[in-house]
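Owing to the predicted nature of the structure, the values given are computational and were not obtained by experimental measurement. When a ligand or atom number is given, it counts from 1 through the structure's own listing order.
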Amino acid sequence: MKELVERIKKDGHVLSNGVLKVDSFITHQVDAELMERVGKRFAEVFADKGITKVVTIEASGIVPAVYAAQALKVPMIFARKAKSLTMSEELLTSSVYSFTKQVTSQISISKKFLTGEDKVLIIDDFLANGQAAKGLVELCQQAGAEVSGIGIIIEKSFQSGRALLEEMGLNIVSLARIASLENQRVEFLEEDA
Ligand code: 5GP
């Protein structure tokens, strides 16, 4: 997505540990109009998959996921990282190691929101080593739901996430693919969509 690539070039900051900071338009301050166009793009790409739910993980996946869900006219569910006191019902759970925070957290979704009838589009802001997406896939598998696609805003293609998910037979579409963050420079690959 050309607009996204241009925005990363303009406002993204490379941190020395292979992390791209996009807190002025995605992960902290949010450019809602750009995120709406991102959500619509995901909806277009997966339009023929019969998606019934969009699933993401809190916090930064929520905004693009809700716009994708709005465009697809289906509900959006975000997996929680901390168990809420109001979540008394049965849960689907898995554990996810966070690349940026370097901690493992339990993620969960209420069983009542995902069933064997569902066809799920998973959305997240970044794909690095694939742990967040894999955790969400596991929640879908526990529910018996089908994962019909994975939409990623920024894929760091020099990390192992895409290979891990492709080995699981999953279809991944990334709107910006980064080949390298070496020498504080962002080098892009051809994007999927
Ligand atoms: P993975 O689970 O694929 O290793 O990492 C994906 C998760 O880590 C995303 O949900 C995102 O929150 C975070 N993440 C991974 N790499 C980056 C990065 O370069 N920049 C930012 N801002 N977040 C990242």
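Interface of F99 with ligand 1, defined as ligand atoms under 4.0 Å from a residue heavy atom, comprises 4 (O), 5 (O), 15 (C), 16 (N). Listed by number with element, the atoms of ligand 1 under 4.0 angstrom from any heavy atom of A132 are 2 (O). The distance from ligand 1 to the heavy atoms of V19 drops below 4.0 Å at these ligand atoms: 18 (C), 19 (O), 20 (N).
If you look at D125 next to ligand 1, the close heavy atoms, those under 4.0 Å, all belong to the side chain. At a heavy-atom distance under 4.0 Å, atoms from both the backbone and the side chain of N129 approach ligand 1.
Considering backbone and side-chain N/O of I57, none are found under 3.5 Å from N/O of ligand 1. Note: no N/O pair closer than 3.5 Å links T27 and ligand 1 by distance alone. Considering backbone and side-chain atoms alike, A128 places an N or O below 3.5 Å from some N or O of ligand 1.
Of the possible polar contacts, none joining the Q106 side chain to the K81 backbone as a donor-acceptor pair under 3.5 Å is found. Remark: side-chain polar atoms of S180 are paired, donor with acceptor, to backbone N or O of E182 under 3.5 angstrom. Between the side chain of Q142 and the backbone N or O of T93, at least one donor-acceptor pair lies under 3.5 Å.
Annotation: atom 13 (C) of ligand 1 to nearest protein heavy atom, T100 OG1, 3.8 Å. The shortest contact between atom 23 (N) of ligand 1 and any protein heavy atom is with F126 CD1, 3.5 Å. Of the protein's non-hydrogen atoms, D124 OD2, 2.8 Å is the one closest to atom 10 (O) of ligand 1.
The closest approach between any non-hydrogen atom of K156 and ligand 1 is below 4.0 Å. At a 4.0 Å cut-off, at least one heavy atom of L20 sits close enough to ligand 1 to count as contact.
The local environment of CD in E6 is crowded, with over 12 non-hydrogen atoms from other residues, nucleotides or ligands closer than 6.0 Å.
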In a table with atom names and distances, give each donor-acceptor pair under 3.5 Å that connects a side chain of residues 125-134 to protein atoms at least two apart or in another chain.
from, atom 1, to, atom 2, distance (Å)
N129, OD1, Q159, NE2, 3.4
N129, OD1, S160, OG, 3.3

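Of all the heavy atoms in I153 and F42, the pair that sits closest is N-CZ, 3.9 Å. V120 and C140 get closest at one heavy-atom pair: CG1-SG, 3.8 Å.
Residues that satisfy the side-chain contact (heavy atoms from CB on, under 4.5 Å) test with K111, not counting sequence neighbours, are E90, L92.
Comparing S60, G12, G130 by heavy-atom distance to atom 1 (P) of ligand 1, the nearest is G130.
In this structure, E3 pairs ionically with R37, as a charged nitrogen and a carboxylate oxygen lie closer than 4.0 Å.
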